[in-house]
Amino acid sequence: MGSRYGLEIRSALPADAPGLAEMLSASGHPVPSHVLAEQLDALRYGHGTAMLALEWGPPSGIVVLHWYPVLEQRAPMAQITMLLVAPDGRRRGIGRQLLKAAAQAARMAGCDALQLLAAEGSGLPEFCAATGFTPSAGCFVRPLRKKG
């Protein structure tokens with residue numbers, strides 16, 4: 001997808017599962033690598049994507065994005081179901097770069113808004129506020145296109 005300051009953002013592949021499993025485990029979300037490989041493969045053929053942030057080794061972060069039709073609007077809704085940066089990579093702009101890549105993918109899928117699911121105590125509510133999201137019905141929402 002892109003590279004900035006030695007940070008590459010690209011689609012996650014089943015081959016990335018071992019490094020991703022290590023990052024998730026270190027962040028308190030243990031998932032066996034064979035399960036991750038299957039899920040990444042399934043996601044590639046569905047309505048969504050997983051993107052990794054890579055520096056000089058194992059993944060530094062991941063964002064998982066899905067899009068789906070909703071009854072109340074013509075454009076599909078995009079939803080981030082996971083945004084995670086490895087503990088040693090936090091506070092360095094990796095989350096913002098992942099969010100930027102997710103927003104671009106959502107726009108390409110025809111979405112007008114981006115939802116982010118953020119659990120209390122995760123630190124994500126503060127991140128959401130700093131990146132233009134507003135609270136809405138148990139999640140955070142940000143428009144993808146400027147009103148004009």
Side-chain angles (χ1 to χ4, degrees), residues 1-24 26-27 29 31 33 35-87 89-119 122-148:
M1 189 130 230
S3 179
R4 181 179 178 202
Y5 307 116
L7 181 70
E8 177 188 7
I9 307 288
R10 65 163 174 79
S11 292
L13 302 170
D16 297 313
L20 184 55
E22 192 176 305
M23 183 192 77
L24 289 172
S27 299
H29 302 279
V31 180
S33 64
V35 172
L36 282 172
E38 291 170 5
Q39 293 301 91
L40 289 172
D41 199 38
L43 190 58
R44 287 179 46 199
Y45 298 107
H47 295 285
T49 187
M51 291 176 276
L52 294 179
L54 299 156
E55 288 180 288
W56 298 279
S60 301
I62 185 170
V63 62
V64 180
L65 176 72
H66 305 271
W67 48 87
Y68 53 90
V70 292
L71 294 176
E72 63 271 8
Q73 62 189 41
R74 288 182 172 223
M77 176 61 69
Q79 187 176 71
I80 294 174
T81 57
M82 177 180 272
L83 176 61
L84 181 68
V85 175
R90 294 182 183 156
R91 312 286 306 160
R92 295 187 12 232
I94 295 171
R96 285 182 184 266
Q97 290 300 311
L98 285 166
L99 182 60
K100 183 178 177 181
Q104 181 179 356
R107 278 195 232 41
M108 289 173 56
C111 301
D112 287 336
L114 183 60
Q115 288 181 335
L116 194 148
L117 304 179
S122 66
L124 279 175
E126 294 83 9
F127 176 80
C128 290
T131 54
F133 284 86
T134 56
S136 174
C139 65
F140 294 85
V141 178
R142 180 175 104 174
L144 290 170
R145 302 178 199 289
K146 294 186 178 174
K147 305 278 183 194

**Message:** Could you measure the distance from the NE2 atom of His66 to the OG1 atom of Thr81? Nearest 0.5 Å is fine.
**Reply:** 3.0 Å
**Inter-residue atom distance Gln97.CD - Glu8.CD, 0.5 Å rounding** = 12.5 Å
**Complete:** In terms of heavy-atom contacts, Leu52 and Leu98 come closest through C-CD2, 4.0 Å
**Request:** To the nearest 0.5 angstrom, please state how far the NE2 atom of His29 sits from the CE atom of Met23.
**Result:** 9.0 Å
**Message:** So which atom in Leu116 and which in Cys139 form the shortest heavy-atom distance, rounded to 0.1 Å?
**Reply:** O-CB, 3.5 Å
**Complete:** Output for pair (Asp16 CG, Ile62 CD1), nearest 0.5 Å, gives 9.0 Å
**Contacts of Arg92 that satisfy side-chain hydrogen bond (donor to acceptor under 3.5 Å, both in side chains) - sequence neighbours left out** = Glu55
**Request:** Kindly indicate whether the side chain of Arg44, heavy atoms from C-beta on, has any atom under 4.5 Å from the side chain of Pro14.
**Result:** yes
**Prompt:** Taking it one step at a time, do Val63 and Ile9 satisfy side chain to side chain contact (heavy atoms under 4.5 Å, CB included)?
**Reply:** CA-CA 10 Å; Val63 62; Ile9 307 288; over 6 Å; no
**Which atom of Met51 lies closest to which atom of Ala105, heavy atoms considered** = CE-CB, 4.1 Å
**Any donor-acceptor pair under 3.5 Å from Gln73 side chain to Ala75 backbone** = yes
**Message:** Using modelled atom types and a 3.5 Å cut-off, is there a donor and acceptor pairing between side-chain atoms of Arg90 and backbone atoms of Val85?
**Reply:** yes
**Item:** Asp41: side-chain hydrogen bond (donor to acceptor under 3.5 Å, both in side chains) partners, not counting sequence neighbours
**Value:** none
**Prompt:** How long is the gap from CG on Leu144 to CD on Gln104, to the nearest 0.5 Å?
**Reply:** 11.0 Å
**Fill in**
Heavy atoms of Ala17 and Ala37 approach each other most closely as CB-N, 3.6 Å
**Item:** Where Gly132 and Arg142 come nearest, the two heavy atoms and their spacing
**Value:** O-CG, 3.6 Å
**Asked** Closest approach of Pro59 and Leu54, non-hydrogen atoms and distance?
**Response** CA-CD2, 3.6 Å
**Request:** State, yes or no, whether a side-chain contact exists between Phe140 and Pro135 at a heavy-atom distance under 4.5 Å.
**Result:** yes
**Request:** With rounding to the nearest 0.5 Å, note down the distance linking CG in Asp112 to CZ in Arg74.
**Result:** 11.5 Å
**Request:** Report yes if the side chains of Leu65 and Ile80 come closer than 4.5 Å at any heavy-atom pair, otherwise no.
**Result:** yes
